[in-house]
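Predicted, not measured: the structure shown is a model, and the values here were computed from it. Order of listing sets the numbers, starting from 1, for every ligand and every atom in it.
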Amino acid sequence: MDLETLAKNLKWRGIELKVFATKEEAADYLTQAIKGKRVGFGGSMTLEAMGLYEKLKPANEMFWHWRQDMPADEAKAKAYLADIYITSLNGVAETGELVNIDGSGNRVAATLTKHEKVYFVIGENKLAPDLHAAIDRARNIASPLNAKRLHRKTPCAVKADHCYDCKSTERICRSLNIIWEKPMQVGACELVLIRETLGY
Ligand code: SF4
């Protein structure tokens, strides 16, 4: 992956790139950058591994349905309306497209609606050479691993080897979103890339 090419391709799409060697450095950067805000989180093993919720909480009002601070549906609704939204991605193309697959849709929907800023935080394992490869990664690597993590009764959850395009009622893949450019209602959009393997 050529990070200069990625940065250039993100820039014309209205998305800034920041690169950090470790999740601790990225968490320090975000903790300094976000203060006094209402902050919503999407479900993300990357954010969990960073301990970012706990790091931001002292200086911000936080909404995350993975924490017990309020009912999950209330947390999702408040995150949707927050000043800042932070989540991860299932695939990022060197050509600049951002790819996410979602089940309940809260994470994808919140990245498209009105916020001062949306941060996407990813490990370098999410990078792919082009849009086709980023979608392929989201469908055949990220989603089966997430289905396995969630103990879903889907064919992919057995070996997490690839997507079977299942018809299961427990299917977690209900929508596929590609961000071609910064959504119009989002004030600013930033990709925080960590040079580690994080999340799925
Ligand atoms: S569509 Fe079904 S088989 Fe494919 S990754 Fe999603 S849950 Fe697994």
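Excluding waters, the protein N/O/S atoms found under 2.8 Å from atom 4 (Fe) of ligand 1 are Cys163 SG.
A donor-acceptor pair under 3.5 Å links the side-chain atoms of Asp102 to the main chain of Val108, judged by distance alone.
Applying the salt bridge (Lys or Arg N to Asp or Glu O under 4.0 Å) test to every pair with at least one member in residues 110-127, sequence neighbours left out, gives these pairs: Lys37-Glu116, Lys117-Glu190, Glu124-Arg195.
Between Lys55 and Asp28 there is no salt bridge, since no side-chain nitrogen of the basic residue lies less than 4.0 Å from a carboxylate oxygen of the acidic one.
A cation-pi arrangement, defined by a distance under 6.0 Å to the six-membered ring centre and an angle within 45 degrees of its axis, is present between Arg67 and Tyr53.
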Give the C-alpha distance, both sets of side-chain angles, the deciding distance and a yes or no for side-chain contact (heavy atoms from CB on, under 4.5 Å) between Leu56 and Thr31.
CA-CA 6 Å; Leu56 289 177; Thr31 305; 4.3 Å; yes

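Applying the 6.0 Å contact sphere to CH2 of Trp180 captures no more than 12 heavy atoms from other residues, nucleotides or ligands.
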